Student: 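Right, I'll just put the structure down here and ask away after.
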Protein chains: 2
Amino acid sequence: MTKSEQTRQLVADVALRMFREIGFAKTTMRAIAAEAGISVGNAYYYFASKDDLVHELYVQVQAEHAAEAGATLKDSTDLSARLKAVLHTGLDVMAPYHRFGADFVATAIRPTSPVNPFAAGSTAAREASLAIFRTAVEGAKPAAPKKLRADLPELLWLFYMGITLFWVYDTSEGQQRTRRLVDGAVPLIARGLSLARVPGVSKIQDDVLSLSRSIRN
Amino acid sequence: MTKSEQTRQLVADVALRMFREIGFAKTTMRAIAAEAGISVGNAYYYFASKDDLVHELYVQVQAEHAAEAGATLKDSTDLSARLKAVLHTGLDVMAPYHRFGADFVATAIRPTSPVNPFAAGSTAAREASLAIFRTAVEGAKPAAPKKLRADLPELLWLFYMGITLFWVYDTSEGQQRTRRLVDGAVPLIARGLSLARVPGVSKIQDDVLSLSRSIRN
DNA sequence: CATACTTATTGAACACGTTCAGATTCTCAA
DNA sequence: TTGAGAATCTGAACGTGTTCAATAAGTATG
């Protein structure tokens, strides 16, 4: 590891630790620089903005999620179980940053932010996250209805974004309420999918699907 | 109107106009003060923070929405039509602030923000908004399924929040894409509701409802 | 080894949101 | 009318994220 890489890593490590320990607001760029023993300007040489450090966090959390979810997915073939596994491991890796969650979301939600999960800046991270859901769906037995299978991962990822939003606001002990929401909602989703056989429902599913497609372009 | 009220109104008017015309970031507290011909400190005498001015905007937009939606609701009894009316008038009143939407959402999404629609600070504004949806549901013929009627306004309001989020990111000309989403999604919602008669579906609806209730406490 | 060039680093400076001690203006009882 | 207390207003000051000219350190080239 070159000197340059060391400095970059040092800044990232210090910043992420401070995010966890004292929160977003109190983790000032000056404090990060001081803690890392470098100048403010030097931190900016490696990270274009404070938001960029949040992006670093996002990428790291994503990678952890992929690893943990991948491990858990080996345990089951049932779609509900797999989905729960993915969502719960997601909550697990985010847990240390809960107090910081609101600021993260506020940062991420700006269309211009490098952290915005829908924007170009984090295509890689989003793809990684999407891949987790794709794996969860594709490895499921019985398989999800054919006509849904292609769109399902993306829709579930969107659902995951919603869960994350809920989690940010969840002030219950250890965010148990979000856990209960996951456990309650996942079987409903699975049941809703299996309703594809019922004629009237199938029609609506088709319409929802075609709407979601037309909206995404 | 007292001098005090005049100053307050002046600050609010200047700020909201600048939000529309030059966006959130460029509308600095110093610029607002200069434009209003007062000192920065004086603006802070009436508004505790820049966020507070955003709250003022939220309240005003909400009031406009209630007025316009109320007028349009006289034209129809069909639930779909009424819902579309409410959502489209909502988009109408927000339209002038579209460029500013992302910053608004970023501000509003902080749990500590006075603008957060879920937080205590804006209970009044949220209630006003909820009331619009309650009117839309209650005045509908044929009426919505009995078991859903109590929860429907709140769920639809939540849907409206989602639409707003979509709108913020919608860069299409005049945000037509959001319009199409509304026009496409509303009939699906109505159709989903009418599925209450189908036994298997009814069961799922009950479960969704009880989950949503248990989550809200 | 010396030179030119690139990479890395510094710290002062800027505009921002926000605060606050003090100055000014208003209000109304005596 | 007066004067004391409340309401309103001022502008300098603070800490923030960010920028950038200047410097230092590192690296290849002759």
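This one's a predicted model, so the numbers in the text were calculated from it and none came from an experiment. Worth knowing before you read on, the calculation uses all heavy atoms, side chains too, and leaves out hydrogens, waters and symmetry mates. Residue numbering restarts at 1 for every chain, and letters A, B, ... go by the order of the sequence lines.
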Student: So, do B:Phe118 and A:Tyr169 have ring centers that fall under 6.0 Å from each other?
Tutor: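 That pair passes the under 6.0 Å test.
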Student: Given B:Phe19, which of B:Phe100, B:Tyr58, B:Tyr97 fulfils the ring pair (Phe, Tyr, Trp, His ring centres under 6.0 Å) condition?
Tutor: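 By the ring pair (Phe, Tyr, Trp, His ring centres under 6.0 Å) criterion, B:Phe19 pairs with just one of B:Phe100, B:Tyr58, B:Tyr97: B:Phe100.
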Student: Are A:Tyr45 and C:dA8 close enough that a side-chain N or O sits under 4.0 Å from OP1 or OP2?
Tutor: yes
Student: Would you state whether a donor and an acceptor, one from the side chain of B:Arg30 and one from the base of C:dG17, lie under 3.5 Å apart?
Tutor: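 Looking at the base of C:dG17, it does pair with a donor or acceptor on the side chain of B:Arg30 (distance under 3.5 Å).
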Student: Roughly, in whole Å, what's the span from CZ in A:Phe24 to P in D:dT16?
Tutor: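 Going from CZ in A:Phe24 over to P in D:dT16 covers 13 Å.
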Student: Indicate yes or no: at least one non-hydrogen side-chain atom of B:Ile215 is less than 4.5 angstrom from one of B:Leu211.
Tutor: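 Yes, their side chains come closer than 4.5 Å.
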Student: Around A:Glu173, counting heavy atoms of other residues, nucleotides and ligands shown, do more than 12 lie under 6.0 Å from its CD?
Tutor: no
Student: A:Arg8 has an atom CZ; how far is it from atom P of C:dT7, in whole Å?
Tutor: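 Answer to the nearest Å: 16 Å.
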Student: If you take the centroid of each ring, where Trp contributes its six-membered ring, are A:Phe104 and A:Phe24 closer together than 6.0 Å?
Tutor: no
Student: What is the nucleic acid contact for A:Phe47, judged by heavy atoms within less than 4.0 Å: base, sugar-phosphate only, or nothing?
Tutor: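 It contacts nothing in the nucleic acid.
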Student: So which heavy atom on B:Ala85 is nearest to which on B:Thr72, and how close?
Tutor: CB-CG2, 3.8 Å
Student: With a 4.0 Å limit, can you tell me whether A:Ser49 has a side-chain N or O closer than that to the phosphate oxygens OP1/OP2 of D:dG17?
Tutor: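 No, no such contact exists.
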Student: Parallel, tilted or perpendicular for B:His65 and B:Phe133, by the 30°/60° rule?
Tutor: perpendicular
Student: Go nucleotide by nucleotide along DNA chain D from the 5' end; which of B:Thr2 and A:Met29 gets its closest nucleotide reached first?
Tutor: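 Its nearest nucleotide being more 5', the pick is B:Thr2.
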Student: OP1 or OP2 of C:dT9 sitting under 4.0 Å from any side-chain N/O of A:Thr7?
Tutor: yes
Student: Starting at atom CD1 of A:Ile38, determine the distance to atom P of D:dA25, rounded to an integer number of angstrom.
Tutor: 16 Å
Student: Taking only N and O in the side chain of A:Ser39, is any of them less than 4.0 Å away from OP1 or OP2 of C:dG11?
Tutor: no
Student: Distance check needed: D:dA7 P versus B:Tyr46 OH, whole Å only.
Tutor: 11 Å
Student: Whole Å only: how far is the CG atom of B:Leu53 from the C1' atom of C:dT18?
Tutor: 13 Å
Student: What N/O pairs connect the protein and nucleotides 25-27 of chain C at under 3.5 Å? Give each pair on its own line.
Tutor:
none

Student: Quick one: which protein N/O atoms are closer than 3.5 Å to N/O atoms of nucleotides 19-21 of chain D? Pair and distance per line, please.
Tutor:
none

Student: Below 4.0 angstrom, N of the basic side chain to O of the carboxylate: do B:Glu21 and B:Lys26 qualify?
Tutor: no
Student: CD1 of B:Ile204 to CG of A:Leu188: how many Å apart, nearest 0.5 Å?
Tutor: 6.0 Å
Student: Which whole-number value in Å describes the distance from B:Lys50 NZ to D:dT16 C1'?
Tutor: 14 Å
Student: Reckon B:Ser4 has a side-chain N or O less than 4.0 Å from the OP1 or OP2 of D:dT8?
Tutor: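 For D:dT8, OP1 or OP2 has a side-chain N or O of B:Ser4 closer than 4.0 Å.
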